[in-house]
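Lettering follows sequence order; numbering is per chain, from 1.
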Number of protein chains: 2
Amino acid sequence: MTSTMIEENPRGRLLAAAETRFRRFGYKRTTIEDIATEASTGKGSVYLHFESKQDVYMAVVERSLDRFIDSAEQVVARPGTAPERLRALVELTADHYGHDELLHSSLFGETDLVGGDVARMAAERQRQRIRAVLEDMLTVGKSEGSVRADIDPAPTAAVLFEIGWAIVRSGLTATDTGQLESWLDILNDVVGLGLLPRA
Amino acid sequence: MTSTMIEENPRGRLLAAAETRFRRFGYKRTTIEDIATEASTGKGSVYLHFESKQDVYMAVVERSLDRFIDSAEQVVARPGTAPERLRALVELTADHYGHDELLHSSLFGETDLVGGDVARMAAERQRQRIRAVLEDMLTVGKSEGSVRADIDPAPTAAVLFEIGWAIVRSGLTATDTGQLESWLDILNDVVGLGLLPRA
DNA sequence: TGACTGACCAGATTACTAGTTTGGTCAGTT
DNA sequence: AACTGACCAAACTAGTAATCTGGTCAGTCA
């Protein structure tokens with residue numbers, strides 16, 4: 001785990017400290033002094049490495065996101081058709097966001113933990129990076145022949161992101177535990193094969 | 001327009017009055033006394049026809065929703081394939097919600113205008129009814145042969161609702177005016193034909 | 001008699017204020 | 001030169017007094 005790994009460079013120490021505080025108390029209830037203390041340093045030193053509190057937060061999110069995108073890329077690189085990969089990606093996303101309160105709360109905009117503006121910025125960043133993974137997936141799929149040649153990767157990735165995100169959100173908020181799985185089946189089916197009967 | 005039509009029965013008068021106030025000032029800033037005054041009646045009379053303020057609001061939403069569902073059903077009844085109908089429905093929804101602040105704000109949960117609980121209830125109702133239209137569309141499509149026979153209408157309608165709603169939301173919040181149209185093209189294409197190349 | 005009303009009330013909301021906290025700076029220390 | 005923590009204005013919080021409002025109901029009309 002990153003939090004237990006001893007960070008040598010000051011910036012890394014601060015980031016780790018910030019991450020544990022943000023995770024425990026959220027953005028609003030964590031002060032710069034908290035972070036400094038957690039990192040066993042002085043408050044002013046934080047500003048040697050970061051512009052502002054927002055900047056610290058965004059850096060923490062980025063790091064968390066890096067880890068997620070890593071696993072996402074691995075999942076997407078596994079063999080299978082594009083819909084299967086999409087499904088795996090959505091599943092991973094749901095799992096990850098279900099467990100990672102930091103990403104989750106900024107993406108859901110829980111204003112209690114994260115202020116509106118900061119949450120929006122963080123969410124936008126996440127959106128960008130996940131979209132990039134999707135676009136890559138479509139491009140690779142086309143070259144492999146598992147995605148229709150006339151699909152335009154960039155905008156289709158945007159649409160797939162919104163679709164996938166809607167499913168994740170429903171899955172995470174639903175009381176019914178099995179919903180996510182069955183909806184993923186349907187998503188897989190509909191997005192994979194379409195609604196129309198095969199000619 | 002309904003608001004200018006002279007309502008004869010007291011309940012109708014109250015509903016019309018409530019609607020104009022809710023539209024102008026939102027749920028929170030409209031008082032029962034406002035509504036009574038607007039309907040040229042006494043405050044207590046409101047409670048002869050409605051249980052509570054929430055009840056009034058839900059009735060207004062229901063009426064507004066009735067009008068929307070009417071046009072939705074017409075749109076869906078027009079000739080075309082299931083994806084085309086889905087597209088038309090999503091387009092209609094975006095248009096309607098773009099113009100109807102009442103439905104819009106409760107579905108978007110703008111806590112400034114509508115309290116959290118009430119908005120959630122109203123949103124749930126809307127979800128139910130739109131889902132019913134979608135389910136019907138799929139069932140009809142199956143019997144017509146324009147939808148794959150192995151599609152299960154109920155859960156598929158649920159998923160399509162989430163998907164469509166995600167696209168509407170993006171379309172309504174996006175700064176780019178043309179986005180909705182191009183995304184609908186993609187939705188039409190992907191949901192209609194699927195991502196996989198035809199065998 | 002029964003449809004209707006508005007004075008009334010408890011609980012919620014607001015407006016205001018005084019006191020506290022906190023992001024960010026910078027003169028001074030190590 | 002790297003670092004620190006006292007310091008400050010601006011933002012936030014807690015407390016409270018005053019106001020408002022959903023809902024009731026005893027009484028008034030028609």
Side-chain angles (χ1 to χ4, degrees), chain A residues 7-61 106 109-122, chain B residues 7-61 106 109-122:
Chain A
E7 299 274 356
E8 276 306 331
N9 62 327
R11 193 187 147 96
R13 282 246 309 282
L14 282 168
L15 274 179
E19 185 162 351
T20 68
R21 303 303 288 201
F22 283 143
R23 282 192 189 285
R24 205 186 300 280
F25 302 112
Y27 180 79
K28 282 165 79 173
R29 299 198 191 292
T30 296
T31 72
I32 292 285
E33 199 157 15
D34 278 346
I35 295 170
T37 308
E38 177 86 30
S40 319
T41 180
K43 186 178 168 183
S45 302
V46 174
Y47 289 89
L48 296 175
H49 301 281
F50 300 95
E51 291 271 313
S52 63
K53 189 183 176 184
Q54 280 203 16
D55 189 31
V56 180
Y57 185 73
M58 288 304 291
V60 167
V61 167
S106 54
E110 281 160 31
T111 45
D112 217 42
L113 292 178
V114 189
D117 270 348
V118 204
R120 236 182 318 263
M121 287 178 60
Chain B
E7 300 272 357
E8 276 307 330
N9 64 326
R11 192 187 147 97
R13 283 247 309 283
L14 282 168
L15 274 180
E19 185 162 350
T20 68
R21 304 301 289 200
F22 283 144
R23 282 191 191 285
R24 204 185 300 280
F25 302 113
Y27 180 79
K28 281 165 81 172
R29 301 200 190 291
T30 296
T31 71
I32 291 284
E33 199 156 17
D34 278 346
I35 295 171
T37 308
E38 177 87 31
S40 319
T41 182
K43 184 177 168 184
S45 302
V46 174
Y47 290 89
L48 296 175
H49 302 281
F50 300 95
E51 291 271 314
S52 63
K53 189 183 177 185
Q54 280 203 16
D55 190 30
V56 180
Y57 185 74
M58 289 303 292
V60 168
V61 167
S106 54
E110 280 159 32
T111 45
D112 218 40
L113 292 178
V114 188
D117 270 348
V118 203
R120 235 184 316 264
M121 285 177 63

Open item on the list: Whole angstroms only, please: what is the CZ-C1' distance between A/Phe25 and C/dT22?
Closed with: 16 Å
Task: Side chain proximity check, A/Leu14 to A/Val56, heavy atoms < 4.5 angstrom - done: no
Open item on the list: It should be established whether B/Ser45 places a side-chain nitrogen or oxygen under 4.0 Å from OP1 or OP2 of nucleotide C/dA3.
Closed with: no
- [ ] Among residues two or more places apart or on two chains, list those pairs meeting ring-ring contact (aromatic ring centres under 6.0 Å, His included) that have a residue in residues 35-61 of chain A.
- [x] A/Phe22-A/Tyr57, A/Tyr27-A/Tyr57
Task: Under 4.0 Å protein heavy-atom contact, by nucleotide of nucleotides 23-30 of chain C - B base, S sugar-phosphate only - done: BBB-----
TODO: For A/Thr41, enumerate each residue passing the side-chain hydrogen bond (donor to acceptor under 3.5 Å, both in side chains) test, keeping only those at least two apart in sequence or located in another chain.
DONE: A/Ser45
Open item on the list: Tell me the interatomic distance from A/Asp34, atom CG, to C/dT21, atom C1', rounded to whole angstroms.
Closed with: 12 Å
Task: Residues in side-chain contact (heavy atoms from CB on, under 4.5 Å) contact with B/Arg24, at least two apart in sequence or another chain - done: none
TODO: Mind calculating the distance between CZ (B/Arg29) and C1' (D/dC20) to the nearest angstrom?
DONE: 13 Å
Open item on the list: Quick test of your reading: applying salt bridge (Lys or Arg N to Asp or Glu O under 4.0 Å), list the pairs with at least one residue in residues 30-47 of chain A, sequence neighbours left out, ordered by first then second residue.
Closed with: A/Arg21-A/Asp34, A/Arg21-A/Glu38
Task: Residue pairs involving residues 46-60 of chain B (criterion salt bridge (Lys or Arg N to Asp or Glu O under 4.0 Å); sequence neighbours excluded) - done: none
Task: Nearest-Å distance for atom pair CG/P, residues B/Asp55 and D/dG23 - done: 10 Å
